[in-house]
Amino acid sequence: MGNPIISMKNLSKAYHGEKAVDNVNLEIDKGEFFGLLGPNGAGKSTVIKMLTTIIHPTEGTATIHGHDIIEERDAVRSCIGVVFQDSVLDRKLTGRENLDFHARLYGLRGDMRRERIEEVLELVELKDKADVLVERYSGGMQRRLAIARGLMHHPGVLFLDEPTLGLDAQSRRHIWKYVKELNLREDITIVLTTHYMEEADQLCERVAIIDRGRIVALDTPENLKGLIGADTIVMHIQSGGEILLQSLSFFPWIASSEVSNGKILLRVDDAQSRIPQVVIEACMNRAIVSHVGIIEPTLEDVFLKLTGRTLHECEDSGN
Amino acid sequence: MRFYLYEAYSLWRRDMLSFSRQKDRLIGYSFAPLFLLAFIGLGFKNQIYFPEMKNIDYLSFLTPGMVAMTLLTASNSTSFLMLWDREMGFLKEIMVTPSSRIGIILGRTASGVTVAIFQSFIILFGGIVMGSRFHRPEGMLISLIFMALIASAFIGLGLSLASFKKETYGFSLVLNFILYPFLFLSGALYPVDRLPSLVAPLSYYNPLTYGIDGLRYSLLGVSSFSPALDLGVMAASCLAMLGLGTYLFEKGEWD
Ligand SMILES: Nc1ncnc2c1ncn2[C@@H]1O[C@H](COP(=O)(O)OP(=O)(O)O)[C@@H](O)[C@H]1O
Ligand SMILES: [Mg+2]
């Protein structure tokens with residue numbers, strides 16, 4: 001802590017007078033796996049594009065490795081790798097030719113370049129497809145090649161803008177595995193944006209929740225879910241629900257309870273250790289229980305609590 | 001210096017690889033000037049002579065003009081390609097590398113020039129087949145210098161304009177609207193002093209006038225100005241245009 005590799009100060013971007021990114025102040029530590037979670041149109045890509053020097057902030061600035069993203073663009077570009085949301089490869093070139101082209105632009109020469117290309121190909125398991133034209137690659141393979149390309153010059157920071165968007169479950173898990181490895185083994189700071197709450201939850205050490213260009217929360221996934229507090233025990237009841245609910249109301253550790261179409265929902269802390277008591281109570285009241293489950297709070301709930309909307313609602317009404 | 005030449009080379013190399021996989025594009029652009037040369041040049045071959053041009057036949061006179069037209073077409077196709085890369089999103093993948101902007105401009109220009117010269121030679125050989133008479137074989141080599149300068153200057157202009165646009169849609173029209181006056185006010189079709197007196201003075205401010213004059217000097221052995229002036233004006237325009245392109249690429253956004 002206290003050693004930020006990226007620090008954003010009042011970072012803002014307006015399009016036609018509307019703020020796509022509104023006064024963002026964040027510090028990201030070296031080696032951290034950092035997540036930016038928010039619905040479509042929240043401003044995630046705009047943040048990434050500013051940090052990667054592709055667009056200019058309208059206000060504020062940021063530094064990466066101590067280099068200002070406006071004043072020292074070349075220095076910033078040298079120490080970052082990026083996989084844009086709509087990352088693009090040259091479809092008329094093979095995978096290896098794509099990497100070769102980019103390696104040259106990063107100034108890698110001769111044997112160093114050839115060795116590095118083999119290394120990154122190996123990392124994303126594309127060695128056997130390296131000499132196939134990219135237009136023949138599947139979506140998942142293209143995304144992996146784009147990640148390999150972003151890693152070519154040993155960047156200290158890797159930006160991944162919705163790296164698993166539009167991929168099937170298997171490709172998604174593959175990508176999760178590579179980026180986790182990169183973060184752990186090669187000690188790369190990773191900044192990942194996503195609107196999938198599981199992705200942020202599983203991968204990131206800290207998550208900033210962004211809505212309408214503003215950061216509305218910033219913490220570890222656990223602490224964020226702690227904002228919601230309790231778990232929920234869900235019991236599917238065939239009969240005797242009313243009586244059961246009455247007797248459950250005497251337990252002080254149940255924060256709240258409700259019945260909705262054949263289900264009893266109980267908000268409790270540490271649900272796992274409470275289930276036995278709840279089930280015993282059900283037996284004593286002769287209620288017939290067909291199924292008991294636990295719902296833990298998700299980042300989705302956190303988002304709902306903070307903004308009054310779900311990640312999906314925004315998607316439907318968004319652009 | 002060495003570094004941005006290497007970056008330029010890398011970009012040129014990628015473009016050549018892509019081109020080699022879509023060869024039809026290379027030849028396609030030479031068709032219009034080649035047809036014009038055939039229909040106008042052959043048609044007026046024995047009707048039109050310009051006394052100040054040592055009575056060179058019109059077909060031979062027109063050939064350098066059509067080469068110039070091809071070179072302008074290359075300006076259009078090169079800036080179109082840059083916009084295409086932008087529209088596809090590939091340009092931002094290039095712009096996010098620390099590669100110098102001048103290297104990127106020079107590389108793109110170099111691949112445009114390569115294609116332009118290739119296409120110009122199609123015109124030259126087409127001309128020879130139809131009966132254009134060039135005064136000496138070495139002239140072709142000297143003309144290469146002028147071809148490269150004309151193509152680079154107008155590619156520089158095209159890229160500068162392209163830096164303001166985000167998509168290819170409508171761009172060719174706009175660029176042609178700008179390029180054609182250069183062509184018509186350049187002596188490509190007839191010596192500039194025969195232009196209507198209202199616009200004739202403009203042609204002296206048109207770098208292409210000097211470029212075409214240089215081409216005529218190298219290919220036909222006749223010219224209105226001194227070849228040193230032709231070379232000087234073209235070289236200066238080239239530097240100015242590529243400089244402007246680099247500046248605009250340095251400060252633009254690449255979303
Ligand atoms: N080039 C642009 N011109 C105008 N508005 C834009 C542009 N890019 C993004 N926006 C707007 O900025 C907001 C944030 O977009 P974006 O950063 O892409 O969101 P996210 O990546 O979180 O989905 C959206 O409302 C979007 O419409
Ligand atoms: Mg986005």
Side-chain angles (χ1 to χ4, degrees), chain A residues 13 15 20 45-46 48-58 67 69-70 72-94 96-110 113 133-135 145-146 149-150 152-153 155 159 161, chain B residues 1-26 81-108 110-111 163 166-168 246-255:
Chain A
K13 178 77 183 180
Y15 287 111
S45 296
T46 307
I48 301 293
K49 284 182 212 154
M50 283 191 282
L51 293 178
T52 55
T53 75
I54 288 297
I55 60 176
H56 313 316
T58 32
H67 304 298
I69 58 164
I70 302 169
E72 304 162 87
R73 278 182 269 170
D74 282 340
V76 169
R77 287 169 184 148
S78 302
C79 62
I80 59 168
V82 56
V83 180
F84 290 112
Q85 179 172 345
D86 44 356
S87 65
V88 177
L89 301 149
D90 190 333
R91 299 169 60 79
K92 290 285 173 206
L93 302 186
T94 66
R96 184 177 273 112
E97 286 165 350
N98 261 287
L99 295 181
D100 185 76
F101 171 61
H102 256 79
R104 285 166 187 272
L105 293 186
Y106 278 108
L108 296 176
R109 301 292 188 95
R113 181 178 69 240
L133 287 186
V134 167
E135 61 189 6
L145 190 65
R149 180 176 66 184
M152 196 94 63
H153 54 298
F159 294 95
D161 194 0
Chain B
M1 170 78 182
R2 258 184 59 222
F3 196 55
Y4 69 67
L5 286 184
Y6 180 75
E7 291 159 352
Y9 163 72
S10 312
L11 212 74
W12 176 84
R13 200 170 164 279
R14 172 238 170 188
D15 283 350
M16 291 303 115
L17 263 176
S18 294
F19 281 143
S20 70
R21 285 169 195 164
Q22 359 184 12
K23 295 193 188 64
D24 44 338
R25 276 162 82 175
L26 280 183
L81 204 64
M82 189 69 109
L83 274 182
W84 180 253
D85 269 348
R86 182 165 194 183
E87 194 171 313
M88 291 295 108
F90 195 68
L91 187 58
K92 72 175 181 307
E93 310 281 1
I94 295 175
M95 299 308 266
V96 81
T97 69
S99 184
S100 64
R101 310 295 114 155
I102 185 165
I104 293 170
I105 291 277
L106 284 181
R108 253 299 141 74
S111 47
S163 75
K166 289 202 163 183
E167 328 135 318
T168 53
T246 304
Y247 168 75
L248 291 170
F249 267 63
E250 201 78 57
K251 75 181 196 50
E253 294 198 329
W254 303 104
D255 185 9

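Proteins get letters first, then strands, A, B, ... in listed order; numbering begins at 1 in each.
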_If the condition is ring pair (Phe, Tyr, Trp, His ring centres under 6.0 Å), which residues does B/Trp254 pass it with, not counting sequence neighbours?_
B/Phe249

*Side chain, backbone, both or neither: which part of A/Arg91 has a heavy atom under 4.5 Å from chain B?*
neither

*Where does A/Asp90 contact chain B at under 4.5 Å (heavy atoms): side chain, backbone, both or neither?*
both

*Excluding sequence neighbours, so at least two apart, what forms ring pair (Phe, Tyr, Trp, His ring centres under 6.0 Å) with A/His153?*
A/Tyr106

*Looking at A/Thr52, A/Ile55, A/Thr53, which has the largest count of heavy-atom pairs under 4.5 Å with chain B?*
A/Ile55

*Using non-hydrogen atoms only, which part of A/Leu133 is less than 4.5 Å away from chain B: side chain, backbone, both, or neither?*
side chain

*Are any side-chain N or O atoms of B/Arg14 and backbone N or O atoms of A/Leu93, one a donor and one an acceptor, separated by less than 3.5 Å?*
no

*Taking the side chain from A/His56 and the backbone from B/Lys251, do they hold a donor-acceptor pair closer than 3.5 Å?*
yes

*How far apart are the closest heavy atoms of B/Thr97 and A/Arg77, and which atoms are they?*
O-CD, 3.4 Å

*If the plane angle is over 60° it's perpendicular, under 30° parallel, otherwise tilted; pick one for A/His102 and B/Phe90.*
perpendicular

*Taking C-beta and beyond as the side chain, do B/Leu17 and A/Phe101 meet within less than 4.5 Å on heavy atoms?*
no

*asked:* Assess the residue pair A/Glu97 and B/Arg21 against the criterion (salt bridge (Lys or Arg N to Asp or Glu O under 4.0 Å)); give the C-alpha distance rounded to whole Å, side-chain angles, the decisive distance to 0.1 Å, and a yes or no.
replied: CA-CA 13 Å; A/Glu97 286 165 350; B/Arg21 285 169 195 164; 2.8 Å; yes

*Given that the side chain runs from C-beta out, which part of B/Leu11 has a heavy atom under 4.5 Å from chain A: side chain, backbone, both or neither?*
both

_With sequence neighbours excluded, residues passing salt bridge (Lys or Arg N to Asp or Glu O under 4.0 Å) with A/Glu72_ = none

_Between CD on residue B/Glu250 and CG on residue A/Asp74, distance to nearest 0.5 Å_ = 7.0 Å

_B/Glu93 side, atom CD; A/Ile54 side, atom CD1 - distance, nearest 0.5 Å_ = 8.0 Å

*In terms of side-chain geometry, is the basic nitrogen of A/Lys13 or B/Glu253 positioned less than 4.0 Å from the acidic oxygen of its partner?*
yes

*Look at the side chain of A/Arg104 and the backbone N and O of B/Ser10, then say whether any donor-acceptor pair between them is shorter than 3.5 Å.*
no

*Roughly how far, to the nearest 0.5 Å, is CE of B/Met88 from CG of A/Asp86?*
11.0 Å

_Taking 4.5 Å as the heavy-atom cut-off, does anything in residues 98-107 of chain B contact chain A, and if so which residues?_
B/Pro98, B/Ser99, B/Arg101

_Report which part of A/Ser87 has an atom under 4.5 Å of a heavy atom belonging to chain B: side chain, backbone, both, or neither._
both

